[in-house]
Amino acid sequence: MAPRPLGLTSRRFPRKLLFIAFLILVPIGMIVISNHSKEISYLFRPLWDNPPPPFKRLPHFYAENVSMEHLCKLHGWSLRSEPRRVFDGIIFSNELDILEIRCRELNPYVTKFVILESNTTFTGIPKPLFFSSNQDRFAFTEGKIVHGLFPGRIASLGSPGNPFVLESEQRKAMNGLLHYAGISDDDLLIMSDTDEIPSPHTVKLLQWCDGIPPILHLELRNYLYSFEFPVDYSSWRATIHIYNPGTLYRHSRQTDLMLSDAGWHCSFCFRHLHEFVFKMTAYSHADRVRRREFLNYSRIQKLICSGDDLFDMLPEEYTFKELIKKMGPIPHSGSAVHLPAYLIENADKFRFLLPGGCLRE
């Protein structure tokens, strides 16, 4: 007998199966995409985003016991007859330990520490005035601190607003506080967050040399949780300016020039676990806290000691090569060399910031 042709039923069955699969898989896919949109976005970032133009990195020369005149000359600059005044403009939240280290390191070179503090977080949560209630801790600056209060806005229930707007408004308010502090033309102005610390020899070099660029980004060594976890040299937002009437306080790209290896950026470098929770819910990227368990103390402690990401996110990279290279925990480092001198001199006080000190209070 001739082969019997396939009936319509056998042809329809796969279509029916595909339709059922479609009805099941599409909602599941939508739920997965909704719950993991950031991870998916970061995973495919090399496909949809382009890196910013590269910085022109200026070589940075320094060694102990080398004269300032010679260091200026190595950079193509000349020695001034007297140093510039230095104003350190800091937007402060709750990083008291890091602020103490910063002020101790830079105190010999800074004319005024200009610290602006708000009574709310960038996300509109009321917060204590941590600096105001701990000013005695900074008595060593001997009147160098100019402290200002920025009146924040409390977010309404169900309408948190855009944290980047409030952050931008606070940075703009810094301009008025700098004028109040007495900044003038040709002074040196540091624009950086509390945890972005220029090295003392960087500040000294730029205050003593003539011919430096009017604006320089600072390449900072990037650390997470403590100086036990060096990430890379990707921190670039800190800047130093020769002040003029058109200078505005910003935390974004302002020039293509960047001075290499100019300090440290220690992110989420807190002593207490509750400080981690505070920042996770307070700063402009608080939307990364996607589940309540992210704020669990035991979970946070485990991630600090392993060098894993608090928000369970993929690295923000522009190439698959860099993304794959940075996936997983940050390797531990046993080096405590070329760190802030005050940190090393007071190692017992700041053990949590040094190799082997990952346990938090």
Does Leu220 form a side-chain contact (heavy atoms from CB on, under 4.5 Å) with Tyr233? I'd like the steps, not just the answer. CA-CA 6 Å; Leu220 305 179; Tyr233 282 83; over 6 Å; no
Would you please test Ser333 and Ser335 for side-chain hydrogen bond (donor to acceptor under 3.5 Å, both in side chains) and show each step? CA-CA 5 Å; Ser333 170; Ser335 173; 4.8 Å; no
Apply side-chain hydrogen bond (donor to acceptor under 3.5 Å, both in side chains) to residues Asn222 and Ser234 and explain how you reach the verdict. CA-CA 6 Å; Asn222 213 11; Ser234 65; 3.3 Å; yes
side-chain hydrogen bond (donor to acceptor under 3.5 Å, both in side chains) assessment of Tyr342 paired with Glu100: CA-CA 9 Å; Tyr342 182 73; Glu100 181 182 346; 2.8 Å; yes
Walk me through whether Phe138 and Ile115 qualify under side-chain contact (heavy atoms from CB on, under 4.5 Å). CA-CA 12 Å; Phe138 300 88; Ile115 299 174; over 6 Å; no
With side-chain contact (heavy atoms from CB on, under 4.5 Å) as the test, would you mind laying out the steps for Ser132 and Glu117 before giving the verdict? CA-CA 9 Å; Ser132 294; Glu117 182 177 25; 3.5 Å; yes
Leu178 vs Tyr249, side-chain contact (heavy atoms from CB on, under 4.5 Å): CA-CA, chis, key distance, verdict: CA-CA 9 Å; Leu178 286 166; Tyr249 193 95; 4.2 Å; yes
Verdict with reasoning, Lys127 to Glu275, per salt bridge (charged side-chain N to carboxylate O under 4.0 Å, His left out): CA-CA 12 Å; Lys127 72 179 249 328; Glu275 293 174 292; over 6 Å; no
Run Asp186 and Arg84 through salt bridge (charged side-chain N to carboxylate O under 4.0 Å, His left out) and show every step you take. CA-CA 7 Å; Asp186 202 45; Arg84 293 181 178 88; 3.6 Å; yes
Please step through salt bridge (charged side-chain N to carboxylate O under 4.0 Å, His left out) for the pair Asp88 and Lys144, ending with a clear verdict. CA-CA 10 Å; Asp88 189 9; Lys144 288 185 178 182; over 6 Å; no
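Side-chain contact check for Ser93 versus Lys279: every heavy-atom pair is 4.5 Å or farther apart. Contact annotation: the side chain of Leu99 approaches that of Phe131 to within less than 4.5 Å [non-hydrogen atoms, C-beta and beyond]. Two residues are said to be in side-chain contact when any heavy atoms from C-beta on lie closer than 4.5 Å; Phe311 and Met280 meet this criterion. A 4.5 Å side-chain heavy-atom check between Arg299 and Asp312 finds at least one atom pair inside the cut-off. With a 4.5 Å cut-off on side-chain heavy atoms, Tyr223 and Leu339 count as touching. Between Asp232 and Arg221, every side-chain heavy-atom pair lies at or beyond the 4.5 Å cut-off.
Between Asp308 and Lys302 there is no salt bridge, since no side-chain nitrogen of the basic residue lies less than 4.0 Å from a carboxylate oxygen of the acidic one. Taking the charged nitrogens against the carboxylate oxygens, Arg288 and Asp309 have no contact shorter than 4.0 Å, which rules out a salt bridge. For the pair Asp187 and Arg85, the salt-bridge criterion is met [side-chain N within less than 4.0 Å of a carboxylate O]. Classification of Glu317 and Arg45 as a salt-bridged pair fails, no side-chain N sitting under 4.0 Å from a carboxylate O.
Judged purely by distance below 3.5 Å, without hydrogens or angles, the side chains of Ser260 and His60 never pair a donor atom with an acceptor atom. Side-chain contact annotation: His241 with Thr239, donor-acceptor N/O pair under 3.5 Å present.
Dense packing is recorded around NE2 of His272, with more than 12 heavy atoms of other residues, nucleotides or ligands lying under 6.0 Å away. For His332, the NE2 atom counts as densely surrounded, since its 6.0 Å shell holds more than 12 non-hydrogen atoms of other residues, nucleotides or ligands. In this structure, Lys73 places its NZ atom where only 12 or fewer heavy-atom neighbours from other residues, nucleotides or ligands lie under 6.0 Å away. For Glu293, the CD atom sits in a packed shell: over 12 heavy atoms of surrounding residues, nucleotides or ligands are nearer than 6.0 Å. The neighbour count for Lys204 NZ, taken as heavy atoms of other residues, nucleotides or ligands under 6.0 Å away, does not exceed 12.
The cationic group of Arg253 lies under 6.0 Å from the six-membered ring centre of Phe55 and within 45° of the ring axis, placing it in a cation-pi geometry.
Legend: residues meeting disulfide (SG to SG under 2.5 Å) with Cys103, ordered by chain and number and at least two apart, are absent.
Linking ILVMFWY residues whenever their side-chain heavy atoms come closer than 4.5 Å, directly or via other members, leaves Val114 and Ile145 in distinct clusters. There is no path of hydrophobic side-chain contacts, each under 4.5 Å, that joins Phe350 to Phe229. Criterion: ILVMFWY side-chain heavy atoms under 4.5 Å apart, direct or through other members. Under it, Leu257 and Tyr62 are part of a common hydrophobic cluster. Tyr297 and Leu359 end up in different hydrophobic clusters when Ile, Leu, Val, Met, Phe, Trp and Tyr side chains are linked at under 4.5 Å. Linking Ile, Leu, Val, Met, Phe, Trp and Tyr residues whenever their side-chain heavy atoms come within less than 4.5 Å leaves Ile197 and Val203 in two separate clusters.
With Thr120 contributing its side chain and Ile125 its backbone, the two residues share no donor-acceptor pair below 3.5 Å. Of the possible donor and acceptor atoms, none in the side chain of Glu219 sits under 3.5 Å from a partner among the backbone N and O of Met258. At distances below 3.5 Å, at least one donor-acceptor pair connects side-chain atoms of Gln301 with backbone N or O atoms of Arg360. In terms of modelled atom types and a separation under 3.5 Å, the side chain of Trp264 and the main chain of Phe227 share no donor-acceptor contact. Thr281 places a side-chain N or O within 3.5 Å of a backbone atom of Val277 that can act as its donor or acceptor partner.
For the ring-ring contact (aromatic ring centres under 6.0 Å, His included) with Phe278, the qualifying choice from Phe130, Phe268, Phe122 is Phe130, the only one to do so. The one candidate from Arg237, His251, Arg102 that meets the side chain to side chain donor-acceptor pair (under 3.5 Å) condition with Glu196 is His251.
When all heavy atoms are compared, the tightest approach of Asn119 to Gly152 is OD1-N, 2.9 Å. Of all heavy-atom pairs spanning Thr319 and Pro46, the tightest one is C-CG, 3.7 Å. The two residues Leu206 and Ile212 have their closest heavy-atom pair at O-CD1, 3.5 Å. Closest approach of Glu228 and Gly356 over heavy atoms only: OE1-N, 3.2 Å. Scanning both residues, Tyr225 and Leu353, for their nearest heavy atoms gives O-CD2, 4.2 Å. In plain terms, the two heavy atoms of Phe294 and Ile300 that are nearest each other are O-CG1, 3.7 Å.
Using the six-membered ring where Trp is involved, Phe270 and Phe276 have ring planes that are perpendicular, over 60° apart on the 30 and 60° scheme.
For residues 169-181, the pairs satisfying side chain to side chain donor-acceptor pair (under 3.5 Å) are Arg153-Glu169, Glu167-Arg171, Arg171-Asp193, His179-Tyr243, with sequence neighbours left out.
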